[in-house]
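Note that this is a predicted model, so its numbers are computed, not measured.
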Amino acid sequence: MRKTLFTHGPVYNLDQVKELNSTIRKNLISTALDKPAEESVKTSEVKFIKLGRIGNLLNPFIQFCYSANVNAFGFDLFPLNSDKTLNYNIYQKNTEYNWHTDGEPNNPIRDIKLTCLLNLSEESYEGGDLKLFDGKERNIDDFNKIGSAVVFPSFINHRVSKVISGSRHTLAIWWYGPKFR
């Protein structure tokens with residue numbers, strides 16, 4: 001039976017998180033507006049960066065995601081390339097993202113197979129919990145730690161609860177593969 005979730009205590013320490021954030025902020029790109037999942041409310045700020053601009057710094061995270069797939073999910077995945085656009089999500093007080101799944105239902109060639117998240121918050125925050133629903137609602141407490149990572153199948157319903165205080169920063173990679181049949 002496939003797992004629903006693959007987590008890891010910190011993949012990065014605080015100094016590495018600060019270096020990642022600094023590099024991301026210097027290399028943000030302009031692109032189309034973020035498109036929240038249909039019928040879901042998303043109030044966080046979203047910025048974008050190309051993988052190629054931070055790829056060398058993301059190798060531990062990418063290897064973690066790849067290992068999660070090999071050891072827990074077994075999806076056929078397309079290779080990541082330097083042109084891949086990543087989402088840099090910033091949740092401030094009173095921002096959230098309601099229940100949704102990640103996907104491209106109208107794409108005839110590919111599906112998003114894995115949602116890979118990296119916690120790039122430099123300080124603790126209250127609220128902003130990642131919650132998954134796989135028959136019951138589960139709070140993913142391990143993901144609240146600075147530098148931690150989580151990977152789960154993109155078709156799993158999930159949300160980010162409202163941030164009460166502080167600032168929650170995450171980087172999201174949606175890893176594509178051939179269309180589910």
So, does [X] use its side chain to make a donor-acceptor pair with the main chain of [Y] at under 3.5 Å?
{"X": "N21", "Y": "L120", "result": "yes"}
{"X": "Q63", "Y": "P60", "result": "no"}
{"X": "R168", "Y": "G128", "result": "yes"}
{"X": "S22", "Y": "K18", "result": "no"}
{"X": "K47", "Y": "I24", "result": "no"}
{"X": "K50", "Y": "D83", "result": "yes"}
{"X": "W175", "Y": "F78", "result": "yes"}

Q: Kindly say whether the aromatic ring centers of Y176 and F75 come within a distance under 6.0 Å.
A: no
(Q) Before we go on, tell me: are the rings of F64 and F6 under 6.0 Å apart, centre to centre? (A) yes
Rounded to the nearest 0.5 Å, how far apart are [atom1] of [X] and [atom2] of [Y]?
{"X": "I146", "Y": "Q16", "atom1": "CD1", "atom2": "CD", "answer": "12.5 Å"}
{"X": "T101", "Y": "I112", "atom1": "OG1", "atom2": "CD1", "answer": "9.0 Å"}
{"X": "R110", "Y": "W174", "atom1": "CZ", "atom2": "CH2", "answer": "12.0 Å"}
{"X": "C65", "Y": "L80", "atom1": "SG", "atom2": "CG", "answer": "8.0 Å"}
{"X": "L171", "Y": "I54", "atom1": "CG", "atom2": "CD1", "answer": "5.0 Å"}
{"X": "I29", "Y": "T85", "atom1": "CD1", "atom2": "OG1", "answer": "4.5 Å"}

Sub-4.5 Å side-chain heavy-atom contact between [X] and [Y]:
{"X": "K42", "Y": "N98", "value": "no"}
{"X": "I90", "Y": "V46", "value": "no"}
{"X": "E126", "Y": "V163", "value": "no"}
{"X": "L118", "Y": "T170", "value": "no"}
{"X": "N87", "Y": "F48", "value": "yes"}
{"X": "I62", "Y": "L51", "value": "yes"}
{"X": "T43", "Y": "Y97", "value": "no"}
{"X": "E122", "Y": "L14", "value": "yes"}

Q. Should F155 and L117 be counted in the same cluster of Ile, Leu, Val, Met, Phe, Trp and Tyr side chains packed under 4.5 Å apart?
A. yes
Q. With Y12, which residues qualify under side-chain hydrogen bond (donor to acceptor under 3.5 Å, both in side chains), at least two apart?
A. none
(Q) By the definition side-chain hydrogen bond (donor to acceptor under 3.5 Å, both in side chains), identify the one residue from E137, K131, H100 that meets it with H158. (A) H100
Q. Name the one of T115, D102, D111 that satisfies side-chain hydrogen bond (donor to acceptor under 3.5 Å, both in side chains) with S154?
A. T115
If we count only N and O atoms by modelled type, under 3.5 Å, do the side chains of [X] and [Y] hold a donor and an acceptor together?
{"X": "N144", "Y": "D129", "answer": "yes"}
{"X": "S148", "Y": "D142", "answer": "no"}
{"X": "S44", "Y": "T95", "answer": "no"}
{"X": "W99", "Y": "N157", "answer": "no"}

(Q) For Y125, does the six-membered ring have the charged nitrogen or CZ of K93 within the cation-pi criterion, i.e. under 6.0 angstrom from the centroid and within 45° of the normal? (A) no
Q.
Checking Y91 against V160 for the side chain to side chain contact (heavy atoms under 4.5 Å, CB included) test, could you report, in this order, the C-alpha distance in whole Å, the side-chain angles of both residues, the deciding distance, and whether it holds?
A. CA-CA 9 Å; Y91 291 85; V160 176; 3.7 Å; yes
Q | Considering all heavy atoms, the nearest I173-F61 contact | A | CD1-CE2, 3.6 Å
(Q) If I compare all heavy atoms of L132 with all of L130, which pair ends up nearest, and what's the gap? (A) CD1-CG, 3.9 Å
Q: Starting from the C-alpha separation in whole Å, work towards a yes-or-no answer on side chain to side chain contact (heavy atoms under 4.5 Å, CB included) for L58 and L20.
A: CA-CA 8 Å; L58 280 186; L20 264 167; 3.9 Å; yes
**Q.** Set of residues satisfying ring pair (Phe, Tyr, Trp, His ring centres under 6.0 Å) with respect to H169, sequence neighbours excluded
**A.** Y88
